[in-house]
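To start, the structure under review is shown below, and the notes come after it.
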There are 2 protein chains.
Amino acid sequence: MTDVETTTLGPPSVCQEAGAENQMVRDLLGRIGDKWSLMIIGALHKGPLRFSALQQVVGGISQRMLTLNLRQLQRDGLLTRTVYPEVPPRVEYELTELAHGLLAPVLQLVNWVADNADLVRKHREIYDAEQGGTA
Amino acid sequence: MTDVETTTLGPPSVCQEAGAENQMVRDLLGRIGDKWSLMIIGALHKGPLRFSALQQVVGGISQRMLTLNLRQLQRDGLLTRTVYPEVPPRVEYELTELAHGLLAPVLQLVNWVADNADLVRKHREIYDAEQGGTA
DNA sequence: CTGTATCCAAACGGATACTG
DNA sequence: CAGTATCCGTTTGGATACAG
């Protein structure tokens, strides 16, 4: 057991305020916290990638969803879209400075999930077993 | 400039494996990265909260969604549900040890969103304006 | 207070076909 | 290559009513 008071996160941003400000936060969290958005941001952490490469790295995302998500992120100012006027069209996506502040937590989150996926799977089995045969 | 074409991700955990393992990661990311899950975890960072309190702190979530999300998180082993056999039923939810590793990135993420919500809103306005009047 | 169950509309999201 | 448009099944999620 440790502290039950102030934690390591100083900013009073996550307090129990429930105003219009919080509405925006909820909305944004729904967009950025989105499954695909997290993976896209994670995939671009090293540098720019083109459309097809992005689709491969993310894995399992349809063309449609990738396009839609990229547009949203671009609109939110989190990534730039650069079109190279070449014969075979080439488009590269890159994180903006704004997105870089987001990079650390997102990467940690993705890594945590990757590291603990198996453990979570175990917990699910236990939970499901308890619901079915015990209790 | 180094080679950046169709390369894979560097980090140990976010490999390019497109197998069942990565499928699980995507799935989990979709659940934990969920709008409500992030807010619930963020809301519980200080300590246990009961159902109604949780609903207030999160704000804007329906009873149904709160219940469903709590069950999911419980199933994943991220929080515990304690029922106090009192006359007016009281149920408290608390993060597990497992969830604590998730706490840092989630809190950072939520705080980033809260801090930059306004900036993102501005980017959206700019983007929308460009689509309508320029190009 | 803390849920569960049902109804139902809206959004999500894949598959496919087509374009520049 | 990098999209856009459409169809259409699946899922999400609020509202409401009811129960322990």
Side-chain angles (χ1 to χ4, degrees), chain A residues 18 22-23 26-40 43-44 48-75 79-94 127 130-132 135, chain B residues 4-7 18 22-23 26-40 43-44 48-75 79-94 127 131 135:
Chain A
N22 217 307
Q23 158 61 34
R26 254 178 285 134
D27 175 62
L28 241 188
L29 219 51
R31 173 140 307 132
I32 292 176
D34 179 67
K35 170 173 54 177
W36 297 127
S37 295
L38 287 174
M39 298 215 63
I40 290 172
L44 290 172
L49 283 178
R50 43 196 301 184
F51 191 84
S52 52
L54 212 36
Q55 188 168 20
Q56 272 205 310
V57 174
V58 171
I61 189 173
S62 66
Q63 197 174 38
R64 173 188 151 86
M65 277 302 102
L66 181 55
T67 301
L68 289 178
N69 273 282
L70 287 173
R71 286 290 179 280
Q72 299 276 39
L73 293 173
Q74 187 188 352
R75 188 170 103 104
L79 55 79
T80 58
R81 177 174 179 271
T82 309
V83 182
Y84 295 88
E86 302 173 358
V87 182
R90 192 181 62 181
V91 181
E92 288 196 338
Y93 294 89
E94 184 171 21
Y127 182 91
E130 284 175 349
Q131 300 309 306
Chain B
V4 192
E5 52 176 17
T6 62
T7 47
N22 214 306
Q23 158 62 32
R26 254 178 285 133
D27 175 62
L28 242 188
L29 219 50
R31 171 141 307 132
I32 292 177
D34 178 68
K35 170 173 54 176
W36 297 128
S37 295
L38 288 174
M39 299 216 63
I40 289 172
L44 289 173
L49 284 178
R50 45 195 300 184
F51 191 84
S52 53
L54 212 37
Q55 188 168 21
Q56 270 205 311
V57 174
V58 171
I61 190 173
S62 66
Q63 194 174 44
R64 174 188 151 87
M65 277 302 101
L66 182 55
T67 300
L68 289 178
N69 272 282
L70 287 173
R71 287 289 179 281
Q72 301 274 41
L73 293 173
Q74 186 188 354
R75 188 169 102 105
L79 54 79
T80 59
R81 177 173 179 271
T82 309
V83 182
Y84 295 87
E86 303 172 358
V87 182
R90 190 181 62 179
V91 180
E92 288 196 337
Y93 294 90
E94 183 170 21
Y127 182 89
Q131 301 308 306

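Sequence lines set the chain letters: A, B, ... in the order given, protein chains first and strands last, and positions in each chain run from 1. Remember, it's a predicted structure, so these values are computed and weren't measured experimentally.
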Would you kindly give the [atom1]-to-[atom2] distance between [X] and [N], to the nearest whole Å?
X	N	atom1	atom2	result
B/Leu49	C/dC1	CG	C1'	15 Å
A/Glu86	D/dG3	CD	C1'	16 Å
B/Asp27	C/dG13	CG	C1'	15 Å
A/Gln56	D/dA2	CD	C1'	15 Å
A/Tyr84	D/dG3	OH	P	13 Å
B/Lys35	D/dT11	NZ	P	19 Å
A/Leu54	D/dC1	CG	P	15 Å

Between C/dG3, D/dG14, D/dA2, which nucleotide has the shortest distance from any of its atoms to the side chain of B/Phe51?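 In terms of side-chain proximity for B/Phe51, the closest of C/dG3, D/dG14, D/dA2 is C/dG3.
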
Looking only at the side chain of A/Arg81 (C-beta and beyond, no hydrogens), which of the listed nucleotides D/dG3, C/dT2, C/dG14 gets closest?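 Comparing D/dG3, C/dT2, C/dG14 against the side chain of A/Arg81, the answer is D/dG3.
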
Exercise: do B/Gln72 and B/Arg75 side chains pair donor with acceptor under 3.5 Å: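 There is no such pair (donor and acceptor under 3.5 Å, judged by atom type) between the side chains of B/Gln72 and B/Arg75.
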
For B/Arg50, all residues meeting side chain to side chain contact (heavy atoms under 4.5 Å, CB included), sequence neighbours excluded: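 Testing B/Arg50 for side chain to side chain contact (heavy atoms under 4.5 Å, CB included), a comparison that skips the adjacent residues, returns B/Ser52, B/Ala53, B/Arg90, B/Glu92.
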
Look at all strands and tell whether B/Tyr93 reaches a base, only sugar-phosphate, or nothing, counting heavy atoms closer than 4.0 Å.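 Sugar-phosphate: the residue B/Tyr93, judged by heavy atoms under 4.0 Å, touches backbone atoms but no base.
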
Base, sugar-phosphate alone, or nothing: which one does B/Pro89 contact when heavy atoms must sit under 4.0 Å apart?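 Result for B/Pro89 = base.
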
Among residues 63-74 of chain B, which ones have heavy-atom contacts with DNA chain C below 4.0 Å?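 Output list: B/Gln63, B/Arg64, B/Thr67, B/Arg71.
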
Quick one: CG on A/Leu70 to CE on A/Met65, what's the gap to the nearest 0.5 Å?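 Those atoms lie 11.0 Å apart.
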
Would you give the length of the straight line joining atom CD1 of B/Ile61 to atom CG of B/Leu68, rounded to the nearest 0.5 angstrom?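 Nearest 0.5 Å value for the CD1-CG distance: 9.0 Å.
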
Might you work through the side-chain contact (heavy atoms from CB on, under 4.5 Å) test for A/Arg81 and A/Val91, ending with a clear yes or no? CA-CA 7 Å; A/Arg81 177 174 179 271; A/Val91 181; 3.7 Å; yes

Assess the residue pair B/Trp36 and B/Val58 against the criterion (side-chain contact (heavy atoms from CB on, under 4.5 Å)); give the C-alpha distance rounded to whole Å, side-chain angles, the decisive distance to 0.1 Å, and a yes or no. CA-CA 8 Å; B/Trp36 297 128; B/Val58 171; 3.7 Å; yes

Between B/Asp27 and B/Gln23 (side chain of the first, backbone of the second, donor and acceptor by atom type, cut-off under 3.5 Å), is there such a pair?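 Judged by distance alone, no pair lies under 3.5 Å.
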
